[in-house]
Amino acid sequence: MAPRTRIARVGVVWLAAFATLSYASASTPVTDIEDVDFGPSEAAARHNAFEICNAIHSAMRQWGLSLNHNGMSLFLATIPAGVTLHHGTHSPTPPPGPEWLALEIEHAEQFAHPRWRRGDRPGPPGPPPPDSEPPPPPSPVAQDQQPLHFPPQPHQPPPRSPNNNNDNNTNPDSDPHGHGYLHTYLTTTPLHLLYLDGTSAGNTDMGTLDTQDLLLRLNRSASLWDERGRAQALCDTVSSWGGGLHGVLRMEAGFEVIQCDFSRGLELVAASRRPEESDCLAAGEVRMFEYIKAVARRYHDIGGGRVVVDWGSMVSAFFYEVDLGNPNGTVGMPRLVGVSDGELRAIRQRVEDVVKGRRGEGRRAVNWQGLVDMVVARYADRLRYMAGVDSVEVMQAEVNGLLNTHIDSAVDDQGYKAALKRCSGFYTLGVTPQTQEDSLVMAAVETVTHSICSTLFEVRKVVWENPDANGGSLELAKRELRDLMDKLRWTRWKECAGCGFDEVCFIPVWPYGDKAAHEQPSCRNTTSLTKGWRDSRYWQSGPGMGPK
Ligand SMILES: *[C@@H]1O[C@H](CO)[C@@H](O)[C@H](O)[C@H]1NC(C)=O
Ligand SMILES: *[C@@H]1O[C@H](CO)[C@@H](O)[C@H](O)[C@H]1NC(C)=O
Ligand SMILES: *[C@@H]1O[C@H](CO)[C@@H](O)[C@H](O)[C@H]1NC(C)=O
Ligand SMILES: *[C@@H]1O[C@H](CO)[C@@H](O)[C@H](O)[C@H]1NC(C)=O
């Protein structure tokens, strides 16, 4: 079977008609034809090996998930007992749920203010209004929703609790001078969550919502802005599976939980009223800057062991022979829009089976992220260095340094076949796959390591085995290395060289307007961040504002 999996890599094709077509198809009844032969395949895992390894490397890391914002993978994840989570709102009372909980205090604080009314905007320099208004809200419920959706303002004021009768601000609709509240909760039991990778909490039409709206909800006409409907639908779905899940874990500018039921596994430890909002511009700028700094602290680790991912539970569209093409041709940004309903149902079924089969602590899981990190750590800086060296001798020393480990000079290894095999299998030597998904990930990892090792053996051949190696050989070797780097697309190569303590390596979480800044993030101070933010509508979500 010819692989149908394709990730558009070249060209920018604007198919304005496409959206119309895909939305039109939503009103046609969903076909129930199940493809009995359809399932995950090792061939697909090999074909998408680079994307799979990068997804594993980036999971639960703000950095890579912001760069590659269209997540195609789902994992089981757990927040252990004793972790604090935060909820910003306009009420001192815990909501029933579904509602949003932030992992970072600064994230929740963005929402700890009086209820926004239509026409209000969060104080400067909050997200500037989009040039064009969001599409007409589908229902009056969404009237007061803001582009920065976390959390969308509850359309029902939370029930008044018996102990806050002296507070007349619980219905901010009737009180224009309401207050904001920051709730802090402690997890009392481990929270079991379905984790959706990518910038999955980003309200964009660029594909950030594909695993939610298309895969889990099977809804091709879901409104971008219907966050509450989305949360409810996701909670209904994960609850119906009966795997004991508490909710869904996603990421925007910060990681957040959609907690389905606030009475399960949470203890309210504080609900503090916020001070009056200052209308001082500088205060707002500093606040936003510190918010982004807080988010940036999670670029490479959520910190404190607050989330544990079960790597063997990874279900990914990359494991299937499906059309992951992006109709807008955006490089490296896969979509699920080309995947048929039957295929989506089958992948979703696998997610359900994995959730149902959720195992306890007993399984000795393979730490795939740790393993992929080792590969990246060994090769990332070296490859980048080698791709730029201007001395044959240095290239020889580097490539021999990497490969001699795997070469046994005592044996006659024709064409270094055995050495290549040892090099490719080096990091997976001790791995025993425990799940079907482990086997698929293993196929992907070994495809990537084989690609690295075979390129290095090519380089060695050109600059070391060749007695006449010269400048031309060096150029050839460097070209091989650059081709390899183009395939690997490691996000580590986009990190800032080092920012001052008063700066942040800023990556526009959604690359609206300024594609270059998304491609090559740079250090920003408060002033340049605020300026870039305004100019480029960073973090501003909205339809039809994808990267050009
Ligand atoms: C109730 O609201 C009024 C007017 O907004 C305000 O003056 C008063 O202080 C509030 N009372 C309490 C207990 O918050
Ligand atoms: C899809 O979601 C929208 C709301 O965003 C809702 O109105 C519609 O009924 C949903 N369609 C299906 C088939 O569930
Ligand atoms: C902030 O950065 C901009 C541009 O990088 C620079 O011109 C400006 O002097 C910096 N401001 C401060 C306060 O460091
Ligand atoms: C492609 O981009 C256009 C313009 O930004 C947008 O309207 C459309 O929804 C996009 N299509 C898809 C499938 O993302």
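Please read all numbers here as calculations on a predicted model, not as lab measurements. Atoms within a ligand are numbered from 1 in the order they appear, just like the ligands themselves.
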Considering heavy atoms of the protein only, find what lies nearest to atom 4 (C) of ligand 3 and give residue, atom and distance to 0.1 Å. S528 CB, 4.3 Å
Report yes or no: does a heavy atom of R217 sit under 4.0 Å from some atom of ligand 2? yes
For A44, does its backbone N or O pair with a side-chain atom of S41 as donor and acceptor, under 3.5 Å? yes
Among all protein heavy atoms, pick out the one at the shortest distance from atom 10 (C) of ligand 3; state its residue, atom name and that distance to 0.1 Å. N525 ND2, 2.4 Å
Electrostatic pair E104:R306 at N-O distance under 4.0 angstrom: yes
Measuring to protein heavy atoms, does anything land under 4.0 Å from atom 7 (O) of ligand 3? no
Listed by chain and number, what are the side chain to side chain contact (heavy atoms under 4.5 Å, CB included) partners of N54, not counting sequence neighbours? R489, W490
Short list, please: which atoms of ligand 2 are under 4.0 Å from a heavy atom of S223? 5 (O)
Listing request: all disulfide bond (SG atoms under 2.5 Å apart) pairs with a residue in residues 218-249, at least two apart in sequence or in separate chains. C235-C260
Considering both backbone and side-chain atoms of N219, is one of its nitrogen or oxygen atoms within less than 3.5 Å of a nitrogen or oxygen in ligand 2? yes
Is the side chain of S73 donor-acceptor paired with the backbone N or O of M314 at a distance under 3.5 Å, no angle test? no
